[in-house]
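Chain identifiers are assigned alphabetically (A, B, ...) following the order of the sequence lines, protein sequences preceding nucleic acid strands; residue numbering begins at 1 within each chain.
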Protein chains: 2
Amino acid sequence: MINKKLPDKTVERLSMYRRALLNYVAAGNHHIFSHELASLLHITPVQVRRDIMLIGYTGTLRQGYDAKELIDIIGKIIDTREGQKVAVVGIGNLGRSIMGYISGKRTKMSIVAAFDNNSDKVDRVYAGIPCYHVDRMVEIIKQEGISIAVISVPGEEAVKVAETLVMAGIKGIFNFSPRPLNVPSHVYLQEYDIITMLEKIAYFVKKI
Amino acid sequence: MINKKLPDKTVERLSMYRRALLNYVAAGNHHIFSHELASLLHITPVQVRRDIMLIGYTGTLRQGYDAKELIDIIGKIIDTREGQKVAVVGIGNLGRSIMGYISGKRTKMSIVAAFDNNSDKVDRVYAGIPCYHVDRMVEIIKQEGISIAVISVPGEEAVKVAETLVMAGIKGIFNFSPRPLNVPSHVYLQEYDIITMLEKIAYFVKKI
DNA sequence: ATAACATTGTTAATGAAATAACATTATCTT
DNA sequence: AAGATAATGTTATTTCATTAACAATGTTAT
């Protein structure tokens with residue numbers, strides 16, 4: 001189908017389309033128009049159609065899109081057949097919150113390991129996920145075939161953790177710490193700095 | 001100085017510049033070149049210079065920028081004199097994590113109230129912040145003059161919470177729930193969907 | 001059967017962000 | 001004193017994302 005990389009923002013929306021569509025189907029619906037899907041996400045219909053065009057799916061003129069088919073196509077784009085394994089590094093509130101979000105959801109991703117350097121947390125189980133000491137990161141990541149890691153440790157530790165993750169062969173890193181990371185180009189890095197985003201809101205609130 | 005709105009991404013970087021500069025100054029430094037600041041954030045020097053140009057500050061040719069001055073200027077842009085008050089709605093792991101991030105930090109923002117609908121949590125204090133029942137949101141927000149709210153409730157409750165916040169006169173909303181919100185244009189909305197971002201990483205990891 | 005309509009799919013235009021190119025200038029070297 | 005250097009500040013270009021315009025077409029109404 002499409003082997004070309006999709007635009008960043010389109011991929012984000014595909015994930016959101018899928019979730020909205022799963023609800024929609026669960027409510028007993030079958031077909032959906034671009035303007036309906038758009039209104040579920042509060043975006044424009046044309047953006048929906050454009051995204052759907054990019055993934056090579058086509059609807060029908062008077063019925064719109066078949067919701068189930070669209071869900072499947074999006075799954076083929078985002079998921080891998082076997083599912084991707086995720087590790088969470090840093091079992092503070094944020095780490096636990098992410099573990100809670102995902103474990104038990106019907107996504108193809110699964111969190112299979114947590115890491116922390118606090119011995120009180122090591123060898124316990126959080127949201128069904130075993131917690132190991134960070135010293136065992138490389139070992140476990142290789143052994144389990146984990147491809148994605150979430151960094152939710154304090155800033156001071158983030159750089160070191162990232163280096164270890166890269167060394168362990170991780171493919172994607174989701175960094176919530178406030179330290180900008182530097183990773184080789186074969187590792188996909190997504191950073192999100194909550195404080196910065198709050199400060200951005202503060203700025204625009206001032207301007208309103 | 002500049003009364004024109006700055007670009008979104010520039011504001012984000014300003015926040016990150018400031019934090020990097022605070023460390024830099026704390027380490028005893030005084031002046032910084034664009035390429036040094038850039039390397040702290042892993043971005044390009046030209047982007048740093050452009051951002052700094054946009055805020056109307058200028059460095060000196062052979063010394064670069066005065067770190068303290070730059071910190072002050074950024075403060076004038078982002079902060080308000082009295083500081084902005086923030087509420088967190090939903091005291092799950094994510095809510096607590098955000099409260100922990102901010103309370104006690106040297107930012108001008110302060111979290112002054114938390115809300116939850118779980119009576120076990122109401123009337124307790126988390127990270128120094130009192131937790132009220134969601135039914136009292138409008139009252140407390142008005143009384144305290146809270147301008148920004150973080151929504152960290154489960155999806156099902158998010159829409160209702162947002163409506164109440166808008167009604168209470170909130171100016172900025174930071175939505176972590178997976179439900180897209182719809183707010184009037186005088187409210188600044190920042191949404192972040194953690195699952196979606198993880199799925200995006202999954203996609204790009206596949207593509208690498 | 002024809003016209004009006006509602007919807008999709010696609011191309012074109014616009015806007016925002018990042019990058020590149022380059023002009024300027026204070027300092028240092030010789 | 002003249003030239004080289006290393007930095008800034010700014011304009012121009014490119015790239016990416018969104019929005020607008022519109023052509024194509026199956027369905028419904030008359």
Side-chain angles (χ1 to χ4, degrees), chain A residues 1-2 4-17 29-39 41-67 69-70 73 180 185 188-191 196-197 200 203-204 207, chain B residues 1-2 4-17 21 29-67 69-70 73 180 185 188-191 196-197 200 203-204 207:
Chain A
M1 196 206 341
I2 7 100
K4 189 87 187 63
K5 265 194 211 172
L6 295 166
D8 210 85
K9 299 291 176 180
T10 294
V11 176
E12 289 179 20
R13 282 189 297 268
L14 289 178
S15 161
M16 297 193 282
Y17 294 151
N29 302 107
H30 294 94
H31 288 84
I32 191 166
F33 293 122
S34 63
H35 66 263
E36 293 174 311
L37 185 47
S39 86
L41 272 73
H42 304 123
I43 60 176
T44 64
V46 78
Q47 183 137 74
V48 170
R49 290 204 299 276
R50 204 167 201 301
D51 288 334
I52 290 177
M53 182 193 90
L54 289 174
I55 65 178
Y57 180 66
T58 90
T60 58
L61 196 40
R62 210 63 174 205
Q63 293 183 102
Y65 306 99
D66 182 303
E69 278 180 22
L70 196 41
I73 300 264
S185 63
Y188 183 83
L189 174 64
Q190 168 77 42
E191 310 206 82
T196 282
M197 290 303 167
K200 180 171 81 168
Y203 170 81
F204 284 105
K207 288 289 168 186
Chain B
M1 194 208 342
I2 7 99
K4 189 85 188 67
K5 264 194 213 173
L6 295 166
D8 209 88
K9 300 288 177 182
T10 294
V11 176
E12 290 179 19
R13 281 188 299 266
L14 288 178
S15 161
M16 297 194 281
Y17 295 151
L21 288 168
N29 303 105
H30 293 94
H31 288 83
I32 190 165
F33 294 122
S34 62
H35 65 264
E36 293 174 312
L37 186 46
S39 86
L40 292 174
L41 272 74
H42 304 123
I43 60 177
T44 65
V46 81
Q47 183 136 73
V48 170
R49 291 204 299 276
R50 204 166 201 300
D51 288 333
I52 290 177
M53 182 194 89
L54 289 174
I55 66 178
Y57 180 67
T58 90
T60 58
L61 197 42
R62 211 60 173 203
Q63 294 183 101
Y65 306 99
D66 181 302
E69 279 179 20
L70 196 41
I73 301 264
S185 64
Y188 183 84
L189 174 64
Q190 168 78 42
E191 310 205 81
T196 282
M197 290 303 166
K200 180 171 83 170
Y203 171 81
F204 283 105
K207 287 289 167 186

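- Of all heavy-atom pairs spanning A/P45 and A/A38, the tightest one is N-CB, 3.5 Å.
- With a 3.5 Å ceiling on both atom-pair distances, the Watson-Crick or G-U wobble partner of D/dT14 is C/dA17.
- Rounded to whole Å, atom C1' of C/dG9 lies 15 Å from atom CG of A/L70.
- The distance from atom CE of A/M53 to atom P of D/dT19 is 16 Å, rounded to the nearest whole Å.
- Straight-line distance from the CD atom of B/E12 to the C1' atom of C/dA17: 12 Å, rounded to whole Å.
- Heavy atoms of B/T10 sit nowhere under 4.0 angstrom from any nucleic acid atom.
- B/I43 has its CD1 atom 11 Å from the C1' atom of C/dA18, to the nearest Å.
- Of the nucleotides present, C/dA1 is the one that pairs with D/dT30 by Watson-Crick or G-U wobble criteria, both distances under 3.5 Å.
- Summarising the geometry of A/D8 relative to B/F204, their closest heavy-atom pair is OD1-CE1, 3.8 Å, with the distance given to 0.1 Å.
- Using cut-offs of 30° and 60° on the angle between ring planes, the pair A/Y65 and A/Y57 is tilted.
- Here C/dT10 presents its C1' atom at 14 Å from CG of A/D51, a figure rounded to the nearest Å.
- Taking every side-chain heavy atom of B/S34 into account, D/dT8 is the closest of D/dA17, D/dT8, D/dG9.
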Protein-to-nucleotide contact annotation, 5' to 3' order, nucleotides 19-30 of chain C [B base; S sugar-phosphate only; - none; under 4.0 Å, heavy atom]: BBB---BBS---

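- Side-chain atoms of A/K207 and B/Y188, non-hydrogen and from C-beta on, never get closer than 4.5 Å to each other.
- Considering all non-hydrogen atoms of both residues, B/L54 and B/L6 come closest at O-CD2, 3.8 Å.
- The closest donor-acceptor contact from the side chain of A/Q47 to the backbone of A/T44 lies at 3.5 Å or more, if one exists at all.
- The distance from atom CD1 of B/I55 to atom P of D/dT8 is 14 Å, rounded to the nearest whole Å.
- B/D8 places its CG atom 14 Å from the C1' atom of D/dT18, with the value rounded to the nearest Å.
- Note: CD1 (A/I32) to C1' (C/dT7) measures 14 Å, nearest angstrom.
- Contact detail for B/A67 and B/L21: the closest heavy-atom pair is CB-CD2, 4.1 Å.
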